[in-house]
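In each ligand, atom 1 is the first atom listed, and ligand 1 is the first ligand listed.
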Amino acid sequence: MHLKELRRDVALANRIAHAAGLVTAFGHISARIPGAPETFLFPTRASPALADKSRLLILDLDGNRHAGDGEPNTEFWIHARIYAARPDVQAVVHVHSPACVALGQIGQALLPLHNHGALFAAGVPLYEPIGLIRTRELGDQVAARLGPRRAMFLRGHGANVAEVDVRRATMVACFLEEAAALQLRALAATGGRMDALRVFAPDENARLQEQLDAGGPMNRAWEYYAALADGRVAPPRQS
Ligand SMILES: [Zn+2]
């Protein structure tokens, strides 16, 4: 993908995070630059709803700014240090998604309860220390807690997703919030009884992951959320 298209996708991904209810004023999505893997595209200090493809910054893994005008969002260390720890990761999402915060704060592991939840069958670790990730050291701690997985919670704060491209990372962040919200809803219906939840079995998770990894559902989800962010479809009625 050319840099021009990547800029468009990164800006759109940030606006999608807002349209999907993962963020309000705070949060950010980045993408590693192909051909320059020590650098990544990152939005300036503003709500992701306001991300503009012509105003994205180029930062490196040590937090230096290489191009663009304006200050970066202050938690850029989350992105820089996950890219440093994970050469396989091409995009990072950081969101303050409410169901992820609630689930983390009741101390429950995310369970695979619906189709897209199967993506998280390997587990979603919780980073315990509270507060913003504004130093290299904290960024390294977050990356270490994430380990080889695709998603993590930050207690009382939000969630991070690390994936192979920016579209997929953004959709996985939407699915993570969807999974957390469904689990909270199921727990409310069972009076908080974890043992009443019918969690997918390992072979069921494997089958569902295979379907999702085939690409079709991710592309369709991106198409939908892009239309939502651009105002071409109305938000769904809340059930
Ligand atoms: Zn944050």
Item to complete: Report the C-alpha distance between I29 and V166 in whole Å, list the side-chain angles of each, state the deciding distance to 0.1 Å, and finish with yes or no for side chain to side chain contact (heavy atoms under 4.5 Å, CB included).
Response: CA-CA 8 Å; I29 296 176; V166 69; 3.8 Å; yes
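Aromatic rings of H96 and H28 (six-membered ring for Trp) have centroids beyond the 6.0 Å cut-off, not under it.
Using cut-offs of 30° and 60° on the angle between ring planes, the pair Y83 and H79 is tilted.
Restricting H94 to its N, O or S atoms, the one at the least distance from the Zn ion (ligand 1) is NE2. Here the N, O or S atom of E75 that is nearest to the Zn ion (ligand 1) is OE1.
Surrounding CD of E137 are at most 12 heavy atoms belonging to other residues, nucleotides or ligands under 6.0 Å away.
Angle NE2(H96) to the Zn ion (ligand 1) to NE2(H157), rounded to 10°: 100°.
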